[in-house]
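First the proteins, then the strands, lettered A, B, ... as listed; each starts at 1.
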There are 2 protein chains.
Amino acid sequence: MLQLLICCYICFMLKAERLQKIVEQIAKDNKVILDDLSQLLNVSTDTIRRDIKELSDKGLLKAVRGGAIIGSPVHPHFKERQNIDTQHKKVIAQKALEFIKPGQVLLINAGTTTTAIVSTLPKEIALTVITNSFPIVSILEDYPNITVFFIGGQLNKHSFSTTGYETIEAIRNFRADICLLGICSIDLKVGITGFDHQESLVDRAMIETSKHIIALSTYEKLGASDPYYVCAANAIDVLITEKDPSLADLAGFKDAGIMIK
Amino acid sequence: MLQLLICCYICFMLKAERLQKIVEQIAKDNKVILDDLSQLLNVSTDTIRRDIKELSDKGLLKAVRGGAIIGSPVHPHFKERQNIDTQHKKVIAQKALEFIKPGQVLLINAGTTTTAIVSTLPKEIALTVITNSFPIVSILEDYPNITVFFIGGQLNKHSFSTTGYETIEAIRNFRADICLLGICSIDLKVGITGFDHQESLVDRAMIETSKHIIALSTYEKLGASDPYYVCAANAIDVLITEKDPSLADLAGFKDAGIMIK
DNA sequence: CAATATTATGCAAATATTTGCAAACAAACA
DNA sequence: TGTTTGTTTGCAAATATTTGCATAATATTG
């Protein structure tokens, strides 16, 4: 402890280093105290508070008055929401929210964009969410009015989701109002395609069992294509990107009967 | 207890921590006494009273005159349970390991004891694990040679697992070599019983579809009983506790044909 | 019913958090 | 090099929460 103190006192410390030390401390003691950290890391309590807020947003700990305590017993890896805070995804998430109404049944596939949407849902909203994504279920743990059905199957250690025969069979037992579909690529002619065969099959099953499909894609993925076919472009009802829907590039999708947001 | 006292007396304590300790105590003793807590946690009785009211509002306990008792037959939150009895759970985990051989198919239910076992598995072991526990699947993410099937169903926000019709149906599609069953209570006459109805049903389904059943229980749960029946005591093959298997109290189980470890 | 113990409420002091702001600093670019 | 842009950090005022105490209300017991 003294070593840590000396080290921190003498040498300059990167912000990332500080965050790491906070996470380490939480892992060790199950808690951190704001003032202690402030002294230990030689920064103001304001900074520590902001750090804790940041880590809390990522789901790595739980901010409480005066410090922070350990979050859920779910592995941090499942909760890492590092890549979802990008500006683009926030914009898409905001746009998607207006389609989601209390009481609906949502089917949500695994991906950083859909995870971003889920993490921006209002805390008290009442919904039924069906998903095969572990990060999404870890977020929804804290939503008291959301009933969550998790779709079982074989764990896919790369996408943090389940895939395979059991997953697809399980999906077919549901019927959702809206499918929120984070997609790899979409092209008017080729349709929606994906990078992972198993996930493509899951996406297809989700589409088939949902009344309305809302596809989520960053602008750069438009017109691209990947190895595995999911569905035709006009199988979707709404396409949300981070750009202005009146952009010329998007006209083709509109003509195909897809609502652009 | 003395340690707790000293700790609390010396070091500053977050409010959130205090609330956790109250819930832990409830989980352990089924009750808390207001004045005791006040002394133990070094705050006024008013504060404890407000704490109890807060927890009672959340449904984690039931406020009664002079303290609080265990609330509904809902388990305290997993988070608050995970630190209880850790030493015992480590011992049980070590004993359980000798039954697990490479190549086996394991069916594992949700609970802190089974989670402890999984986290002590050797990193390179090759297994197939079927589970409905989110903490367990999050641990197994890092095991390259373990194939994981996750059993879907409705998310149970208290136990971090899935339960319900879909879960039970999905379990019936598997056939496991070994079922690792963390249990609430076991009594020779009454059998194995549980606190949560849904989880009891899941446990039963797991038992029915496994060749060998290894039940895991801390010693204090022996001879106890809970509201929901799971199975007869002799339905299990092995019972592991943290105590020496030659203890007199355990003789009855041996006579019933259960191997004690 | 009276005596006693327990709980609820209002209040004020201490403490923590939020918010806006400005200085310091770093990265990108002409 | 200088300028711009964005991030990080500390400060301070406004706000909110927590806590213990005093007091009133309520429940328990004989």
Could you tell me the separation between the [atom1] atom of [X] and the [atom2] atom of [N], rounded to a whole number of Å?
{"X": "D35(A)", "N": "dT18(D)", "atom1": "CG", "atom2": "P", "result": "16 Å"}
{"X": "L34(A)", "N": "dT17(D)", "atom1": "CG", "atom2": "P", "result": "17 Å"}
{"X": "D36(A)", "N": "dT15(C)", "atom1": "CG", "atom2": "P", "result": "15 Å"}

Those residues that, when tested against D177(A), pass side-chain contact (heavy atoms from CB on, under 4.5 Å) (two or more places apart): Q104(A), V105(A), K211(A)

side-chain contact (heavy atoms from CB on, under 4.5 Å) partners for V64(A), two or more places apart: I69(A), L14(B), A16(B)

Might you list the N or O atoms of the protein lying below 3.5 Å from N or O atoms in nucleotides 23-25 of chain C, with each pair's distance?
none

Of all pairs that satisfy salt bridge (Lys or Arg N to Asp or Glu O under 4.0 Å), the ones with a partner from residues 97-121 of chain A, not counting sequence neighbours: E98(A)-K261(A)

Pairs meeting criterion salt bridge (Lys or Arg N to Asp or Glu O under 4.0 Å) with involvement of residues 35-47 of chain A, two or more places apart: none

K15(B) and E54(B) ion-paired at < 4.0 Å: yes

Would you list the protein and nucleotides 26-30 of chain D atom pairs, both N or O, that sit under 3.5 Å from each other?
none

Distance-only side-chain donor-acceptor flag, T115(B) / T112(B), under 3.5 Å: no

Partners meeting side chain to side chain donor-acceptor pair (under 3.5 Å) with D196(A) (sequence neighbours left out): none

Salt bridge (charged side-chain N to carboxylate O under 4.0 Å, His left out) partners for [X], two or more places apart:
{"X": "K243(A)", "result": "none"}
{"X": "E24(A)", "result": "none"}
{"X": "K53(A)", "result": "D57(A)"}

Main-chain N/O of I151(A) paired to T162(A) side chain as donor or acceptor, under 3.5 Å: yes

Salt bridge (Lys or Arg N to Asp or Glu O under 4.0 Å) assessment of K31(A) paired with E17(B): CA-CA 8 Å; K31(A) 67 159 182 176; E17(B) 243 183 305; 2.9 Å; yes

Test of ring centre spacing under 6.0 Å for F150(B) and F150(A): yes

Rounded to 10 degrees, the angle between the two terminal axes of the helix from dC1(C)-dG30(D) to dA30(C)-dT1(D), each from five pairs: 30°

I'd like a list of close polar pairs between nucleotides 19-22 of chain D and the protein, N/O only, cut-off under 3.5 Å.
residue	atom	partner	partner atom	Å
dT19(D)	OP1	R18(B)	NH1	2.8
dT19(D)	OP2	R18(B)	NH2	2.8
dG20(D)	OP2	S44(B)	N	3.2
dG20(D)	OP2	S44(B)	OG	2.7
dG20(D)	OP2	T47(B)	OG1	2.1
dG20(D)	N7	R50(B)	NH2	2.6
dG20(D)	O6	R50(B)	NH1	3.3
dC21(D)	N4	D46(B)	OD2	3.4

